[in-house]
Amino acid sequence: MDVADIPRVPDWFQGYLESEGIDALYPPQAEAVERGVTEGDNLVAAIPTASGKTLVSTLAMLSSIADGGGKALYIVPLRALATEKNEEFAAFEEYGLDVGVSTGNYESDGGWLAGKDIIVATSEKVDSLVRNDAPWLEDLSCVVADEVHLVDDSHRGPTLEVTLAKLQSLNPDLQTVALSATIGNADELAAWLDADLVDSTWRPIELEKGVHFGDALHLEDGTQSRVPVRGNEDQPAAIVRDTLEEDGSTLVFVNSRRNAESAARRLGSTTEPFCSPAEKEQLTAVADEIREVSDTETSGDLADAVEQGAAFHHAGLARDHRSLVEEAFRDRLIKVVCATPTLAAGVNTPSRRVVVRDWRRYDGTAGGMQPLSVLEVHQMMGRAGRPGRDPYGEAVLVAKSHDELDELFERYVWAEPEPVESKLAAEPALRTHILATVASGFANSRGGLLDFLESTLYAEQTGERGRLETVVDDVIDYLDVNGFLTREGTDLTATNLGHTVSRLYLDPMSAAEILHGLEDAEEPTALGLYHLVSRTPDMYELYLRSGDEEEFTMLAYEREEELLGATPSEFEDGFEDWLSALKTARLLEDWASEKEEDEITERYGIGPGDIRSKVDTAQWLLGAAESLATERDLGLGPDIREARTRVEHGVRAELVDLAGVRGVGRKRARRLFETGIETRAELREADKSRVLAALRGREKTAETILENAGHRDPSMKSVEPDADVTVDDDETDEPTTTQDQSNLGDF
DNA sequence: CTTCGGCCGCTTTAGACAGCATGTC
DNA sequence: CTAAAGCGGCCGAAG
């Protein structure tokens, strides 16, 4: 289809497409237009990644905005994707459209999304906006749900499902466009959303799947190519080398962080000979940047690998590490990235070849190694082939025996992805969504609730109410008993507490746990509070290693006084979870006692990125705890606030005031304190040469900080550092004049 | 007496959203 | 209930 023939898109759109080098639509896109995406019709597009899904959504959003002046909402599963999409859509600002992002940690323009035409948000954020009754929601005329196949996810799927159902019921004229990977039952999704279906496996660039075994690559079409394993190479190394000989890069998916790291280390010797001197120089620069992000073992290992043209990528990395690796890989500087599934679901990092080395992954709940789903493997494989740059893409599984070769072909290469199934009937999901549905007025009786749930994918797929009804009744009981809602006959009303919990976006069970723990707390310590929020279902658990059980049982006895609520017996069910929460609490306490990052990562066996995510969650939950304590008049506000500010900045109590100054973090606050500047007020009046000395002579930094503290005259002109002030200078980095303004959240 | 290499057995194991109000070293 | 890589400890042989 010619771009000129697309109905109802704004006039400038054709010019825009041409400027992007697009003169004809891909077949699935053309089919979407024929099904009426530009005319406000609902659509489910189940097509492979990188085959133009974004353009389908753009067609829908732009035509919908042009048609009635409404707004479009683009829902993504990850914050990183929200940023990526926002940057992509920012191109439309030139044509007079306003684009904004809204996620938990970032809201464009002070939260005033009302004036935006296109809003990008995570599903949880949209859910929260619906709960808080954001006024602009009624102006929505188009909603796009990216990666809808994630409704299958037991943890986060139900949120997406409920949110889409709520948006549709808020505004029956709303156009819904759902983008999905190729799945077994796209027709069911279409039926649920009352949408037309475009179901296609068409790709703009050929993808050949295959299995490597012995010295050969066995491809889907029956052909084989020789990819011999030489010397002490393993199979992935042989494939990576073979790809490099054609000047292509490789993405290797493995099943654990440790495997990713060790595979990257090994592959370094394969990639190094293929890096030109100029590339080596650039790689060294990237490696230096990586070392600067964090002073930990993980960081150093990554930098070492990068110097050789290899890298690993997993969730233990800091956000900056990840984006440095992704960027260098896209620039073809890094030749191979060994990754856990983070990269398959995350931002766009295509590669000539993809190797799926491990096809089984440990799963504690299933009691051992479990095969990956076809959908997941296909998603990884779909990363092969960069449109417009590679002639084709190849995705390869690795077999160690002839039997495995056959099995992999059967199981993944020729297999259809499994159908997507709603996980809404699980109790934890319903707990939070039922409360929210009642609190935000979507339903005010048992019947109303069931009617609403009737509009979800779950109802579409099961057809019978029985199972759902039982769970719903259990959940209503739970919410009633814990004081989140009240029942009168079949009528349901959310209590004040219920409203608060729903607004705070807290799992009701977390709220109950927190309230229960706070109720008879008199002077809660930081550790006690950290433990309380750590044992909440909203906090992701740390793994207990061998020896940990003993260590933390001891700690539990030593500091029993501080721990809130009853200490469970060692033989009780749930004792392990309780201990694991204690481990998390201890980690947070260490962080809030100014323990060094590398000491923490080593002690708890985690990566720098993990500290950040724990700290983030704790901060959020303590904020919620403070609201709950206020709501209940428990008078613990100051204690909770102090614990929260301490984790937020990673400092002891005496530095909380100083660390609150913009530009002053845990390290600078400590150094200022050591020189006798102990509070924000003292900093405001401080002797400048003293401040400069405390900051080890960095004038620009000192000026910024004094300005932020409200100093009368922050200028550092002709100020010399006070020679009497000594600061411990354990860091080796050169005084920088470049102001690195990445933030704590990027850490 | 020290050092190196190989083998055996024990240990460990993916991911990451949200309130609110602003930003490290 | 299922696996497999990596690492540390141990042992023996070589230096």
Side-chain angles (χ1 to χ4, degrees), chain A residues 76-80 82 103-107 110-111 121-128 131-132 153 155-156 159-160 253-263 292-295 314-316 319-320 339-346 358 360-364 366-372 376 400 432 500 503-507 510 538-540 543-547 597 605 609-610 612-614 616-617 619-627 644 648-650 659-671 695-696 698 701 708 731 733 735-736 739-747:
Chain A
V76 291
L78 298 172
R79 298 203 281 225
T103 63
N105 65 348
Y106 182 63
E107 190 136 305
T122 55
S123 34
E124 285 76 11
K125 187 65 192 192
V126 178
D127 185 21
S128 165
R131 292 182 189 197
N132 293 299
D153 182 288
H155 184 55
R156 298 182 53 208
T159 306
L160 179 58
F253 285 105
V254 298
N255 64 2
S256 73
R257 293 178 180 188
R258 195 170 61 182
N259 285 341
E261 295 186 15
S262 65
E292 240 171 67
V293 171
S294 146
D295 181 25
H314 59 63
R319 230 194 69 180
D320 281 2
T340 56
T342 8
L343 213 59
D358 303 329
R360 279 183 281 230
R361 184 167 51 220
Y362 180 83
D363 177 358
M369 299 303 272
Q370 289 293 120
L372 303 184
E376 203 172 345
K400 283 167 223 63
T432 173
T500 306
R503 191 170 41 78
L504 289 171
Y505 210 79
L506 219 49
D507 183 332
S510 298
D538 278 307
M539 179 74 87
Y540 203 78
Y543 186 87
L544 283 182
R545 298 186 293 183
S546 71
E597 206 185 341
D610 298 304
R612 196 66 251 164
S613 81
K614 287 278 173 295
D616 260 358
T617 311
Q619 200 196 321
W620 166 53
L621 288 172
L622 286 165
E626 193 189 331
S627 300
R644 194 185 73 107
E648 179 182 352
H649 301 296
V661 176
R662 182 192 282 220
V664 180
R666 58 195 320 233
K667 296 274 171 76
R668 288 175 185 169
R670 178 50 66 190
R671 279 200 281 267
L695 297 170
R696 298 177 303 168
R698 291 171 204 195
T701 311
N708 292 335
E731 284 171 59
D733 59 323
T736 41
Q739 280 286 66
D740 267 339
Q741 285 304 341
S742 56
N743 65 47
L744 193 63
D746 295 337
F747 152 124

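Here is how names work: the chains are called A, B, and so on, in the same order as the sequence lines, proteins then strands, and each is numbered from 1.
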Give the rounded distance in Å between these two atoms: [atom1] of [X] and [atom2] of [N].
X      : N      : atom1 : atom2 : result
A/W620 : B/dA18 : CH2   : P     : 9 Å
A/Q370 : B/dT13 : CD    : P     : 18 Å
A/K614 : B/dA16 : NZ    : C1'   : 9 Å
A/E376 : B/dA14 : CD    : C1'   : 8 Å
A/Q619 : B/dA21 : CD    : C1'   : 10 Å

Find out whether [X] and [Y] are in side-chain contact, i.e. whether some heavy atom of one side chain is under 4.5 Å from a heavy atom of the other.
X      : Y      : answer
A/L506 : A/L621 : yes
A/Y505 : A/D127 : yes
A/D610 : A/R257 : yes
A/L695 : A/R668 : yes
A/L78  : A/T122 : no
A/S256 : A/R361 : no

Just to be sure I understand the rule, does [X] reach a base, reach only the sugar-phosphate, or reach nothing, if contact means heavy atoms closer than 4.0 Å?
X      : result
A/T342 : sugar-phosphate
A/V661 : sugar-phosphate
A/D358 : nothing
A/R360 : sugar-phosphate
A/Y362 : base
A/L78  : sugar-phosphate
A/T159 : nothing
A/G650 : nothing

Step through the shown structure and confirm whether more than 12 heavy atoms of other residues, nucleotides or ligands are within 6.0 Å of CG on A/D295.
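Atom CG in A/D295 is not packed in, count stays at 12 or less.
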Under 4.0 Å between a side-chain N or O of [X] and OP1 or OP2 of [N]?
X      : N      : value
A/S262 : C/dG6  : yes
A/K125 : B/dG19 : yes
A/R644 : B/dG19 : no
A/S546 : B/dT12 : yes
A/R662 : B/dT24 : no
A/S128 : B/dG19 : yes
A/T340 : B/dG15 : yes
A/T122 : B/dA18 : yes
A/R503 : B/dC20 : yes

Of the listed nucleotides [options], the one nearest the side chain of [X]:
X      : options                : value
A/Y540 : B/dG15, B/dG19, C/dT2  : B/dG15
A/D153 : B/dG15, B/dG19, B/dA14 : B/dG15
A/R258 : B/dA18, B/dT12, B/dT13 : B/dT12
A/E124 : B/dG15, B/dA18, B/dA16 : B/dA18
A/R545 : B/dG15, B/dT12, C/dA5  : B/dT12
A/M369 : B/dA14, C/dT2, C/dA3   : C/dA3

State the pairing partner of [N]; accept Watson-Crick or G-U wobble contacts with both distances under 3.5 Å, and report none otherwise.
N      : result
B/dG9  : C/dC7
C/dG12 : B/dC4
B/dT24 : none
B/dA14 : none

Along DNA chain B (nearest heavy atom to each residue), the more 5'-positioned of A/Y543 and A/D538
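Residue closer to the 5' terminus by nearest nucleotide: A/Y543.
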Between C/dG6 and B/dA14, how far apart are the two P atoms, rounded to whole Å?
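Straight-line distance between the two P atoms is 14 Å.
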